[in-house]
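Not measured: the values here are computed from a predicted model. Start at 1 with the first residue, then count along the sequence. Side chains included, hydrogens not; waters and symmetry mates left out as well; all remaining heavy atoms used.
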Amino acid sequence: MTSKARKVAENLGLNFTGTIGILIKAKLTGLIPSIKPLLEKIVETNFRLSPELQLQALKEAKEL
């Protein structure tokens with residue numbers, strides 16, 4: 001979601017979840033076994049994902 005779309009959603013009082021949040025939820029609900037290989041694939045694209053965010057995502061997904 002672009003920052004513009006996030007701002008509109010926020011102004012409307014809507015909840016939003018980004019790509020990494022969806023992956024974490026999928027892992028925690030048992031839909032996928034791990035987010036780590038998916039994060040690795042995402043990093044290979046032009047998707048901006050800092051090492052700090054990767055680490056935080058892995059912690060929230062209980063993979064660290």
Side-chain angles (χ1 to χ4, degrees):
M1 183 182 288
T2 67
S3 61
K4 195 176 209 180
R6 284 180 184 264
K7 187 170 223 91
V8 170
E10 194 172 79
N11 288 339
L12 293 172
L14 300 173
N15 292 325
F16 55 87
T17 303
T19 302
I20 306 306
I22 296 292
L23 292 177
I24 293 167
K25 285 182 182 183
K27 164 64 179 357
L28 295 177
T29 58
L31 292 172
I32 59 174
S34 175
I35 68 166
K36 187 172 183 175
L38 299 172
L39 293 178
E40 290 169 355
K41 285 187 181 268
I42 286 172
V43 168
E44 293 173 3
T45 70
N46 64 350
F47 193 96
R48 294 184 202 154
L49 186 60
S50 70
E52 293 82 13
L53 183 55
Q54 289 179 59
L55 184 60
Q56 181 183 348
L58 290 169
K59 285 179 182 176
E60 288 186 30
K62 301 185 185 336
E63 293 189 27
L64 283 183

Residue list, side chain to side chain donor-acceptor pair (under 3.5 Å) with Glu10, at least two apart or on another chain: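 Once residues adjacent in sequence are excluded, Glu10 has no partner under the side chain to side chain donor-acceptor pair (under 3.5 Å) criterion.
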Qualifying side-chain hydrogen bond (donor to acceptor under 3.5 Å, both in side chains) pairs, either residue in residues 38-48, two or more places apart: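 The answer is none; no pair qualifies.
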Residue pairs, two or more places apart or on separate chains, that pass side-chain hydrogen bond (donor to acceptor under 3.5 Å, both in side chains) and touch residues 55-64: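 Counting only pairs at least two positions apart or across chains, the side-chain hydrogen bond (donor to acceptor under 3.5 Å, both in side chains) contacts touching residues 55-64 are Ser34-Glu63, Gln56-Glu60.
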ILVMFWY clustering at 4.5 Å (side-chain atoms), partners of Leu38: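 For the cluster that includes Leu38, the remaining residues are Ile20, Leu23, Ile24, Leu28, Ile32, Ile35, Leu39, Ile42, Val43, Phe47, Leu49, Leu53, Leu55, Leu58, Leu64.
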Other cluster members, Val8 - Ile/Leu/Val/Met/Phe/Trp/Tyr, side-chain contacts below 4.5 Å: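 Direct or chained contacts put Val8 with Leu12, Leu14.
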